[in-house]
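See below for the structure under consideration.
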Amino acid sequence: MNSLEILDNDRITAVKLLPRVIEITSQERRMIQDAAVHLQRKYGSYENRDFITHVHQLASYFLPERILHIAADFASDFSINQYGALVFRELMDIDQESIGNTPPNWQSADYSKFNIYGFACALIHGALPSKPVQYYSQRKGGGLMHAIIPDEKMRETQTGSGSATDLYVHTEDAFLKHQADFLSFMYIRNEEQVPSTLYSIRSHGAIGDNFRPLFERMYKIPKDANLETGVDEEEALDAVLYGNYELPFMRFDAAEQLFNPSIKQTDDAHSHLTEFWEEARDLIYSGFTPQAGDVILVNNHLCAHGRSAFRAGVRNIDGVEHRCERRIMLRMMSKVSLMEMRAHTLTEDPFFVIEEHLGKNFENI
């Protein structure tokens, strides 16, 4: 059962479902770090195919039993009380000296400095009924783990590289039929103290009849902003909610579906989305500010994520601004049904997804 909190604001007073927070003990932390060191020596990289192939067995062997059970239970719980996010506090100690200065963008990140943290994240995913996967649509080349770093050139964008505006809550890769089932976000540093935002479809409680239209396949779900859309390409429509009518799953990107003027939803679709957003935005949780070593695990069908706006490289302490290292976050994704998505992966690599948009694959790879 997740914790509950009374939320008071100008518009509503409601009982709010919250993500579960797990305090990692010093013994558990040491076990995870020792496991990551051992696996790094044996496999070299967390992207090693042998490591990914056997990640479930390795997770069962190396993860502390309590963490293994919590993650496994989380992955199979779709009840009304399941928020869809777990917070592991201080899962690992972060060696800030070895990481050094934060690079100006993700393109210049040295992933060898994050290698050991990739093993720890992969073990957590190994406790779930899924395999870590990479997506070609993610930065046009995949990678099991992505460094998310504020980029001054992209500060106004609705991306992980932005900073000047709130990043609207969204389910990861809503434009893909075979988007990740689970995400992990490991915080390497967050010296600006940027709150993360989470929004669970379960926060509404049972879904009322007024949201039934969200189950209809009438909503434009545009491609990722980094991908080109062909002139003659047909617009793809899909539902926002799917599955069980009372306890549904969600495919939702507020920035693209509601606030991108070029999308031009139909009047009916825009009306239903607006009504949904009016209720959803009051249920967004922003009460957690991650610290170095924290990991947030997300069920991508139940819970959307985002972040608050901030000034990259600046920390406000009692009204005084101080220069600081910039924020770094590592994201890993995993998928449950590899058989279902085999038609959307590289022939020689079942863990590399080449889907471009709602079931359409990239043609020239």
For this session: Could you please spell out the steps behind the ring-ring contact (aromatic ring centres under 6.0 Å, His included) verdict for Tyr285 and Tyr199?
Result: CA-CA 6 Å; Tyr285 173 63; Tyr199 156 66; over 10 Å; no
Exercise. So, do Phe185 and Val298 sit near enough that their side-chain heavy atoms are less than 4.5 Å apart?
Worked result: yes
Exercise. Do Ile22 and Arg66 come close enough that some side-chain heavy atom pair is under 4.5 Å?
Worked result: yes
For this session: Only counting residues at least two apart or in another chain, list the ones meeting side chain to side chain contact (heavy atoms under 4.5 Å, CB included) with Asp73.
Result: none
Exercise. Any donor-acceptor pair under 3.5 Å linking the side chain of Ser130 with the backbone of Val336?
Worked result: no
For this session: Using the ring of Tyr83 (Phe, Tyr or Trp, six-membered ring only), decide whether Arg20 places NZ or CZ under 6.0 Å from its centre and within 45 degrees of its axis.
Result: no
Problem set entry | Rounded distance (nearest 0.5 Å) linking atom CE of Met339 with atom OG1 of Thr345 | 10.0 Å
Exercise. Is the side chain of Thr171 donor-acceptor paired with the backbone N or O of Ala174 at a distance under 3.5 Å, no angle test?
Worked result: no
For this session: Start with the C-alpha distance between Arg189 and Glu325, add both sets of side-chain angles, then the distance that settles salt bridge (charged side-chain N to carboxylate O under 4.0 Å, His left out), and finish with yes or no.
Result: CA-CA 8 Å; Arg189 56 174 58 127; Glu325 287 287 356; 3.8 Å; yes
Problem set entry | Given Arg89, Glu191, Glu90, Gln193, the one that forms side-chain hydrogen bond (donor to acceptor under 3.5 Å, both in side chains) with Gln291 | Gln193
Exercise. Between Arg307 and Thr157, which heavy-atom pair has the shortest distance, and what is it?
Worked result: NH2-O, 4.4 Å
Problem set entry | Nearest-0.5 Å distance, CZ of residue Phe119 to CG of residue Leu123 | 9.0 Å
Seminar exercise, completed: So salt bridge (Lys or Arg N to Asp or Glu O under 4.0 Å) across residues 169-178, not counting sequence neighbours, yields Glu172-Arg331, Lys177-Asp238
Exercise. Hey, mind stepping through His38 and Phe62 against ring-ring contact (aromatic ring centres under 6.0 Å, His included) and telling me if it holds?
Worked result: CA-CA 10 Å; His38 171 81; Phe62 282 108; 5.4 Å; yes
Exercise. Looking at Phe78 versus Phe249, is the centre-to-centre ring distance below 6.0 Å?
Worked result: yes
For this session: Would you please test Tyr117 and Tyr46 for ring-ring contact (aromatic ring centres under 6.0 Å, His included) and show each step?
Result: CA-CA 9 Å; Tyr117 308 116; Tyr46 57 85; over 10 Å; no
Problem set entry | Spacing of Asn300 atom CG and His305 atom NE2 [to the nearest 0.5 Å] | 7.0 Å
Exercise. Would you say Leu346 and Phe351 are hydrophobically clustered, going by side-chain heavy atoms of ILVMFWY under 4.5 Å?
Worked result: yes
Exercise. Is the distance between the ring centroids of His204 and Phe276 under 6.0 Å?
Worked result: yes
Exercise. Are Phe288 and Ile296 side-chain neighbours, meaning at least one heavy-atom pair lies under 4.5 Å?
Worked result: yes
For this session: State, yes or no, whether a side-chain contact exists between Leu237 and Lys220 at a heavy-atom distance under 4.5 Å.
Result: yes
For this session: Would you indicate whether the side-chain heavy atoms of Ile67 and Ile24 approach each other to under 4.5 Å?
Result: yes
Exercise. Can the ring centroids of Phe215 and Tyr245 be said to lie less than 6.0 angstrom from one another?
Worked result: yes
Problem set entry | Check ion pair Arg311-Glu321 (N to O, under 4.0 angstrom) | yes
Problem set entry | Gln257 side chain to Leu273 backbone, donor-acceptor under 3.5 Å | no
For this session: Would you mind checking if Lys223 and Glu356 are paired as a salt bridge, meaning a charged N to carboxylate O distance below 4.0 Å?
Result: yes
Problem set entry | Glu156 (side chain) donor-acceptor with Ala164 (main chain) under 3.5 angstrom | no
For this session: Report the residues that fulfil side-chain hydrogen bond (donor to acceptor under 3.5 Å, both in side chains) with Glu216, sequence neighbours left out, ordered by chain and then residue number.
Result: none
